[in-house]
Student: 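Supplied in structure tokens, the structure appears directly below.
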Amino acid sequence: VGEIPDEVRVACISDSGRLGAGRRGWLQVRRIADPSDTLGLSDALGVLLRGGLDMLVSQRCRHEDAAAVMDAFAGATRGAIVSLWGIDSAHALWRLAGLSTVAAGAIGALTVSLARSVDLLIRLNVGVNQEAMQVVELIEPRVKAGDQIEHVAIFAAERDAEKNTVFRPTGEEPGFIAALAEQGIAVPTRMFKA
């Protein structure tokens, strides 16, 4: 989130309202639990997305904003950053698809659509006893023939001899590197060599 350029127009769905506070071009969209509030979150987000929003950030995706998050992934914005609880990357994609629909039969198709739209999944461990949450692995979902989703680890966290967390490349180069190259953004691929 800190790397988002200031000229990008961002809507941030947030309970606390602190994420992105004070940044030019950021709009805080708060979840209001007051039943008397007649303007729904999904309605407000729909207007924002149609108005030419560049990016959507969801601090903790819930049922009421899941459909807007799916719209953002589908191309209504230049991108989306979403925080979502899941056991692993496959479960997180399945949950997001499930949150955005009530038709159980559509969850599989939505999960495949999400896998095609998401560039990178970053898995964090659960912080317990006030431990800081740490990145465990970086995963790229890839859709194979027959709509089978493969969750490919790009980097995985390991402990070195001094018990420090280090990231080891798996030897897999993410597909979005080629897309960046087409836009004139050169990323050194040596970082992905195992």
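Starting from 1, each residue takes its place in the sequence as its number.
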Student: With a 4.0 Å cut-off on N to O distance, would you call D147 and R116 a salt bridge?
Tutor: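 Yes, this pair counts.
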Student: How long is the span from the OG1 atom in T77 to the CG atom in D54, to the nearest 0.5 Å?
Tutor: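 Result: 8.0 Å between the selected atoms.
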Student: How close do E173 and F192 get, counting heavy atoms only, and between which atoms?
Tutor: CG-CD1, 4.1 Å
Student: Does any non-hydrogen side-chain atom of P174 lie less than 4.5 Å from one of D119?
Tutor: no
Student: Whether R123 and D88 form a salt bridge (side-chain N of Lys/Arg under 4.0 Å from carboxylate O of Asp/Glu) is what I want to check.
Tutor: no
Student: In Å and rounded to the nearest 0.5 Å, what is the CD to OG distance from Q59 to S83?
Tutor: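 Here the interatomic distance stands at 7.5 Å.
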Student: Is there a path from V8 to V57 through hydrophobic residues (I, L, V, M, F, W, Y) whose side chains come within less than 4.5 Å of each other?
Tutor: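 Same cluster.
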Student: Using 0.5 Å steps for rounding, measure from the CG atom of L93 to the OG atom of S113.
Tutor: 10.5 Å
Student: Hydrophobic clusters here meaning ILVMFWY residues chained together by side-chain heavy-atom distances under 4.5 Å, can you tell me if L84 and I87 are in one?
Tutor: no
Student: Got a sec: does the CH2 of W94 have more than 12 other heavy atoms crowding it under 6.0 Å?
Tutor: no
Student: I need the L53 CG to L27 CG distance, nearest 0.5 Å.
Tutor: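 Between atom CG of L53 and atom CG of L27 there are 8.0 Å.
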Student: Would you check if T170 and E137 make a side-chain contact, meaning some heavy-atom pair closer than 4.5 Å?
Tutor: no
Student: Is there any salt bridge (Lys or Arg N to Asp or Glu O under 4.0 Å) pair reaching into residues 148-157, and which pairs are they, with sequence neighbours excluded?
Tutor: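 Output for this query lists K144-E150.
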Student: What pairs of residues pass the salt bridge (Lys or Arg N to Asp or Glu O under 4.0 Å) test when at least one of them lies in residues 174-194, not counting sequence neighbours?
Tutor: none
Student: Output the distance between atom CG (N125) and atom CD (Q134), rounded to the nearest 0.5 Å.
Tutor: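 CD of Q134 is found 5.5 Å from CG of N125.
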Student: Taking the side chain as everything from C-beta on, heavy atoms only, tell me whether V10 gets closer than 4.5 Å to R23.
Tutor: no
Student: For residues V69 and V118: do they belong to one hydrophobic cluster (side chain heavy atoms under 4.5 Å, members Ile, Leu, Val, Met, Phe, Trp, Tyr)?
Tutor: yes
Student: Verify side chain to side chain contact (heavy atoms under 4.5 Å, CB included) between L56 and D65, making sure each step is shown before the conclusion.
Tutor: CA-CA 11 Å; L56 182 68; D65 47 301; over 6 Å; no
Student: Check the hydrophobic clustering (I, L, V, M, F, W, Y; side-chain heavy atoms under 4.5 Å; chains of links allowed) and say if V166 and L138 are grouped together.
Tutor: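 Shared cluster, no.
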Student: Please work out whether the ring planes of H91 and W85 are parallel, tilted or perpendicular, with thresholds of 30° and 60°.
Tutor: perpendicular
Student: Taking side-chain contact (heavy atoms from CB on, under 4.5 Å) as the test, write out the residues that go with A66, two or more places apart.
Tutor: C61, L96, L99, S100
Student: Going by heavy atoms in the side chains, are N164 and R159 under 4.5 Å from each other?
Tutor: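 Contact flag for N164/R159 side chains = no.
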Student: Are I149 and L110 grouped together when hydrophobic residues (ILVMFWY) are joined by side-chain heavy atoms under 4.5 angstrom apart?
Tutor: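 No, I149 and L110 fall in different hydrophobic clusters.
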Student: What is the distance from atom OG of S89 to atom CD1 of I139, rounded to the nearest 0.5 Å?
Tutor: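 If I round to the nearest 0.5 Å, the distance is 3.5 Å.
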Student: Is any side-chain heavy atom of V135 closer than 4.5 Å to one of F155?
Tutor: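 No, every pair of side-chain atoms sits at 4.5 Å or beyond.
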